[in-house]
Amino acid sequence: MGSTQERGIRIAIDRGGTFTDCVGNPGSGKMQDDIIIKLLSEDPSNYDDAPLEGIRRLLSKFTGKEVRRGEPLDTSNIESIRMGTTVATNALLERKGERIAMVVTKGFKDCLEIGNQSRPKIFDLAIRKPDVLYEKVIEIDERVTLEDYTEDPERHTTGISESSIKEGLVRGLSSEAVRIIKKPSKDSVRSQLQSLYDHGFRSIAVCLVHGYTFPDHEALVGELAHEIGFEHVSLSHQLMPMIKLVPRATSACADAYLTPAIKKYIAGFQAGFEGGLGTESVKKERGAKGARCEFMQSDGGLVDVDLFSGLRAILSGPAGGVVGYALTSYDPKTKTPVIGFDMGGTSTDVSRYGSGRYEHVFETTTAGVTIQSPQLDINTVAAGGGSRLFFRNGLFVVGPESAGAHPGPACYRKGGPLTVTDANLLLGRLLPDFFPKIFGKTEDQGLDEKASEKLFQALTDEINQEIAKDNEDKKMTPDEVAYGFIKIANETMTRPIRSLTEAKGHDTSQHRLATFGGAGGQHAVAIAESLGIKQILVHRYSSVLSAYGMALADVVDESQVPSSKTWSDKGTVVDELKKTMQELKDKSTAKLRVQGFSDENIVFEEYLNMRYRGTESALMVVRPSEEEAKKDFNGDDWAFGKAFVKQHEQEFGFTLPDRDVIVDDVRARGIGKSFEGLEKTVDMQLKEIQPKDLRKGKRYGVSKVYFEGGRQDTPIYKLEDLDVGDRIQGPAIIADGTQTIVVTPGSKALIIETHVIINIGKEEGQGTRVNAKEVDPIMLSIFAHRFMAIAEQMGRALQKTSVSTNVKERLDYSCALFDSTGGLVANAPHLPVHLGSMSTCVTTQAEIWRGKLKPGDVIVSNHPEFGGTHLPDITVVTPAFNGGEIVFYVASRAHHADIGGILPGSMPPHSRELYQEGAAIKSEKLVSEGHFNEKRITELLYDEPAQYPGCSGTRCLADNLNDLKAQIAANQKGINLISGLIEDYGEEVVQFYMRNIQDNAELSVRNLLKGVWKRFEGRDLSAVDYMDDGSPIKLKITIDAEKGEAIFDFTGTGPEVYGNTNAPQAVTYSAIIYCLRSLIEDDIPLNQGCLKPIKVKIPPKSFLSPSDKAAVVGGNVLTSQRVTDVILRAFAACAASQGDCNNLTFGFGGNLSTSAEVTKGFGYYETIAGGSGAGPIWDGTSGVHTHMTNTRITDTEVFERRYPVILREFSLRSDSAGAGQHRGGEGVIRDIEFRIPVQVSILSERRVYHPYGLEGGEEAACGINYWVRHVQKGGRGDDREEWEDRWINLGGKNTASMQSGERIVVCTPGGGGWGRVGQESRAIKRKDEKQSWRKGSLAQRMETQETV
């Protein structure tokens, strides 16, 4: 450890969940002088606190004198103590933090319960949302809003003057004009806070709307709270002054919840030292001198013990590991980026380090809590060695369930289940001799190999019974089964690693893999091979790398302020931003000086958080280095604008040269350097080393280890017996007391001073042919992963390169892969309504263009008669050729914000004919042999819709074209990936498994139907429900139990309507496939096979099979929900959910056919949550999207920044849920005031017919939509004009021209109850297996498409 501080003993500690790792150095900074101690984190019979015990042992060793337990530790010889701790994470996971209350603006008491309104798992009928951290909420009667809005076509900016300040207009911290609507009453606030205090609360979180830019009202609340005597007050603007109410409020709550727990722990820890700890203790002039003590924060920087807070402590331990591998594996000269792979017993975490800087994210979720704070981008991708193994529905499945630390894997002698650790043990890849002997009743026994063998034999017998029956040739051995699970585990982990890397525009194969954690070495080679990585780095301290990382880390001070400036390379903007940056740097410098750093040891990373106007995808752009400035920006090291464009191109694949670039935040990261760098980097060592092949003499032994094809004699080496320069040919195992490294055949390991380097040779199993005659369940499981990975990567490509909010932020899109006939093979749905319907479209297009398509052709369609759902959902289909024949199709469907028609947003509530809803494209070539047909698509979207009476063409053509190009690019990504699969396995094998993965899904549905038949004792299932216009949806399901087939017969359903609730047939197929998948508890592939056992009868000319000119916009978003309710009612699965999407649109402008002029304007579209239905073992969930949709709602502050609105209320609607043994979920109230005249439209259902209850449960309340209208009072008989607000019921479907100051109030339906009121609840709170996972940037992209 090279260091700038040269005094005494330095100690670094990582207190983990199971073990506490300690690394001590006497002050020399040399690695060979380090002492490493590993002890149990909990061992109450021997010591109270593991870090204190570790320090005691280290001091005893360094001083040569035994330090007795219990006596205060002498700090006179200690230079510094650095720690990472899981105290905050554990308090979050176990919900054992401080009792807190939240203080929020009036109208938003439920903002954290509603969140972004999406549900975590789209097929889970028992919706589980994380519990909130607060116990009580108080609403403060105060309000401010932003005066201007960014979607203003005129770009008006309000100036601030003395007179405007008197009118309540002030300049916010972000330079935006802020209007103070209502100031809080001091007396009222004091009274509310006193009431909290009297109820025993001592910690509060305060988050008021727009507090990030106008903190005065929050500051007032904080001042009063301190006066009253609250011990901890978390003010959101002080913690993280960034826009977005919900994450900022959650962050404030997390801080208030965790900081008291951390302070309590620290006080106990400090009490164990004679001279005290921290900067202040070092400065003491009398008595025993203290020692520096710093804690690792989530951002990878250290902070003085006295400044450590709950909000920044959540990733404290894992952050040390990232610092450890980053500083020991990355070479600033060669600049090869590194992927960190940390696989422990209970989790596998992945991160990346490149460009010599840590990758931070500013919104992450841990233990169900979304935090807004700079954190390292660490992502949990699996449950580690404890991941459980299952054989389900003919597939090998690994996790996400975990055996945890207790009981742990089967081999831990506690009666645990089969896990990845057991598979490695059985295969000889984990050596009991090198594993701590801490098991059994006496806690001195090793791993129990027999327990693993016994369970694997039982599982193998079960698998053979299903796949082989009496055919001996098809039977598998326990070795083959265990190895199959290892392959699936690797596949499961590889998918998210690739996603994380490629989503940011990086190629995984251009990285090194740095593996650490106890289990990483057993999987690293296979993971690297799959990612195309050629070199693996395993640090000698890899099992204690988090602690070692603490020793190497720097002290950091982060500060940030909001902005709203439009970037300009010239003029005053740069000067103003430089001034703000300097102010932040001055503050940081002062804080770091206090902690003992001289100016020459303080450096800064300077950032601007930038985005294109009209988008929400901001990028944190670092100031270019001197070298980068010379190379790319003509020597201008403040070329943030150009650096943003370059980064945007790399990450998203496009730029928007015609759009302004907005600066959202100015950020300075002050770094107190305590680490100068390694004496020799990995690359320097590799250049100097003289490798020599190892002789047999150094072997510890030989073991039979299973690799592809069977067991091989494999030499075992002890790491400490090997010398620098030793090169070991695989197969081999290198082990020490804490880790086992598997070197596969064809790979080579090289020992250098700091690392074991593994160079990848030929891939394990390379050259083994895959049989295309008989189904191998392992290959079937692998192909299920590969096909889904392709659909997911297409989705990420689409989200990355799209421009519109609908796709990029609301995730209103789906991507899928189809066989050569158009049958669905794999679908990565964000929205269930897209599930089965795309296949109808692709099949139809395949038939239309049979024999006419060439490579480079792309088809576009959105017409309901041709497999479309509603017109805004445009589908782009690309065929893939091999040898002149179409071998498969890929398709992407995205909701376009506007495609013309009679109203902005193209979701008119009163449409009667299809043409009123916008452009209708039956089947057109969007690309002909690689040429994008912009002229034709412009005609279709812009010119043709405007020819109809009262209609406009699309109001956002540029966004349409950009998103269509993004869809084309996503399809091309899919084609490239499948072409790679065909290259690896051959077309015959890929096609064979495309068919068999469909057969697998078919079998699951057949088994489900047989089970349902049994439950209903052979009776037909039937249900009926009604649309609000009285149209019935009638269903009878007849099951053939012998074949496992069913007929879904909708005979008796109402006729086509002269309105827009007609639903194309594809929508009904989507509803069926969604319901079937939701009724199957296990994860199954989503494909055409799900529908093979189903025959659907839809009466022609009914509103579920309308004519080609019928309006359908409501069918996709309303009727689909009612069809779903009817199917689930027939299966008696659960009570009705809210039964619609509450589609709200507003805006102005367009190129109406009645006018020659084009009016610049904007359009906005959102869907609003409601209540979910209760079920036999669950209560309904409040304020959530259900069934066929799962789009997010725009955050309150972003909503008001972008549009001329004030959101008066967004809360749960009390008494809207159906009562019962299990209560339904509540709907919501969304109250929006418009600040300029706009056209407002609502398209909703369940305003007449109530969401039903089941099994005696009560129905939920209907929804209702109000227009709060300014009307003139009548009947006074004089000249004075008086106005009043009148509440007018808009009905379920309506449009109105609303004036400034008028409001729409949408009250959404609740969910029905289950069981009779008064019956004892049987609700089960099921554990979320991923609750403890660290969710960085990867989770943000994937969470709304979770399928398990």
Side-chain angles (χ1 to χ4, degrees), residues 116 118 151 499 502-505 610-619 644-645 647-659 661 790-816 827-831 834 838 858 860 862 871-878 890-899 905-906 919 926-927 932 934 937 941 954-975 1162-1167 1190-1192 1194 1198 1202 1337-1338 1340-1345:
N116 66 11
S118 68
E151 291 295 310
S499 302
E502 293 182 357
K504 293 187 175 180
M610 307 171 86
R611 63 182 170 84
Y612 282 118
R613 185 186 291 278
T615 72
E616 290 305 319
S617 303
L619 294 174
F644 165 76
V645 170
Q647 194 172 326
H648 201 280
E649 173 75 50
Q650 183 202 327
E651 198 152 319
F652 299 124
F654 69 95
T655 60
L656 300 170
D658 299 333
R659 292 212 194 177
V661 174
I790 289 167
E792 286 169 1
Q793 283 176 268
M794 287 173 65
R796 273 185 295 282
L798 176 51
Q799 187 194 6
K800 260 177 62 178
T801 56
S802 64
V803 172
S804 69
T805 304
N806 269 338
V807 177
K808 214 168 198 64
E809 277 94 45
R810 291 181 61 249
L811 309 182
D812 198 342
Y813 66 87
S814 289
C815 294
N827 192 359
H830 287 93
L831 301 181
H834 292 169
M838 266 210 283
V858 180
V860 63
N862 70 342
L871 297 183
D873 282 347
I874 300 182
T875 306
V876 173
V877 182
T878 309
V890 289
S892 52
R893 173 171 286 174
H895 185 111
H896 288 245
D898 199 299
I899 52 155
S906 304
L926 181 61
V927 180
F932 182 66
E934 187 165 334
I937 195 67
L941 292 173
T954 175
R955 296 161 185 87
C956 50
L957 179 63
D959 281 8
N960 296 134
L961 295 176
N962 279 320
D963 280 357
L964 285 170
K965 286 174 183 173
Q967 287 177 258
I968 294 165
N971 286 4
Q972 190 56 47
K973 175 84 173 174
I975 285 173
F1162 67 83
Y1164 174 75
Y1165 168 55
E1166 69 179 22
T1167 57
N1190 200 28
T1191 53
R1192 301 171 179 186
T1194 307
V1198 174
R1202 292 189 74 167
S1337 63
L1338 177 66
Q1340 288 176 29
R1341 284 185 285 276
M1342 296 190 73
E1343 63 186 1
T1344 50
Q1345 66 178 63

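Here, residue 1 is the first one in the sequence, and each next residue gets the next number.
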Original post:
Between Asn971 and Ser892, do the side chains contain an N or O donor and an N or O acceptor separated by less than 3.5 Å?
Top reply: yes
Original post:
How far does CD of Glu792 sit from CG of Asn827, to the nearest 0.5 angstrom?
Top reply: 10.5 Å
Subject >> Modelled atom types, side-chain donor and acceptor of Ser802 and Tyr813, under 3.5 Å >> reply: no
Subject >> Val645/Tyr612 under side chain to side chain contact (heavy atoms under 4.5 Å, CB included): CA gap, chis, key distance, verdict >> reply: CA-CA 9 Å; Val645 170; Tyr612 282 118; 3.9 Å; yes
Original post:
Picking from Arg955, Arg1202, Arg613, what satisfies salt bridge (Lys or Arg N to Asp or Glu O under 4.0 Å) with Glu151?
Top reply: Arg1202
Original post:
Do side-chain atoms of Asn862 reach the backbone of Leu871 as a donor and acceptor pair under 3.5 angstrom?
Top reply: yes
**OP:** With rounding to the nearest 0.5 Å, note down the distance linking OG1 in Thr878 to NZ in Lys973.
**Re:** 15.0 Å
Subject >> For Pro872 against Ser906, the heavy-atom pair lying closest together >> reply: CG-O, 3.6 Å
Subject >> Contact check, side chains of Leu941 and Leu964, non-hydrogen atoms, under 4.5 Å >> reply: yes
Original post:
Under 3.5 Å, side chain of Thr954 to main-chain N/O of Asp898, donor-acceptor pair present?
Top reply: yes
Subject >> Minimum heavy-atom distance between Val807 and His895, given as atom pair plus value >> reply: CG2-O, 4.3 Å
Original post:
For the atom pair SG (Cys956) and NE2 (His896), what is the distance rounded to the nearest 0.5 Å?
Top reply: 9.0 Å
Original post:
If you take all heavy atoms of Val876 and Ile968, which pair is closest and at what distance?
Top reply: CG1-CG1, 4.2 Å
Original post:
Which heavy-atom pair separates Met838 from Ser814 by the least distance, and what is that distance?
Top reply: CE-O, 3.7 Å
Original post:
How many angstroms lie between atom NE2 of His648 and atom CE of Met610, to the nearest 0.5 angstrom?
Top reply: 11.0 Å
Original post:
From Leu656 CG over to Asn962 CG, what is the distance, rounded to the nearest 0.5 angstrom?
Top reply: 6.0 Å
Subject >> pair Phe932-Val858: side-chain heavy atoms closer than 4.5 Å >> reply: no
Original post:
How many angstroms lie between CD in Gln972 and CE in Met794, if you round to the nearest 0.5 Å?
Top reply: 10.0 Å
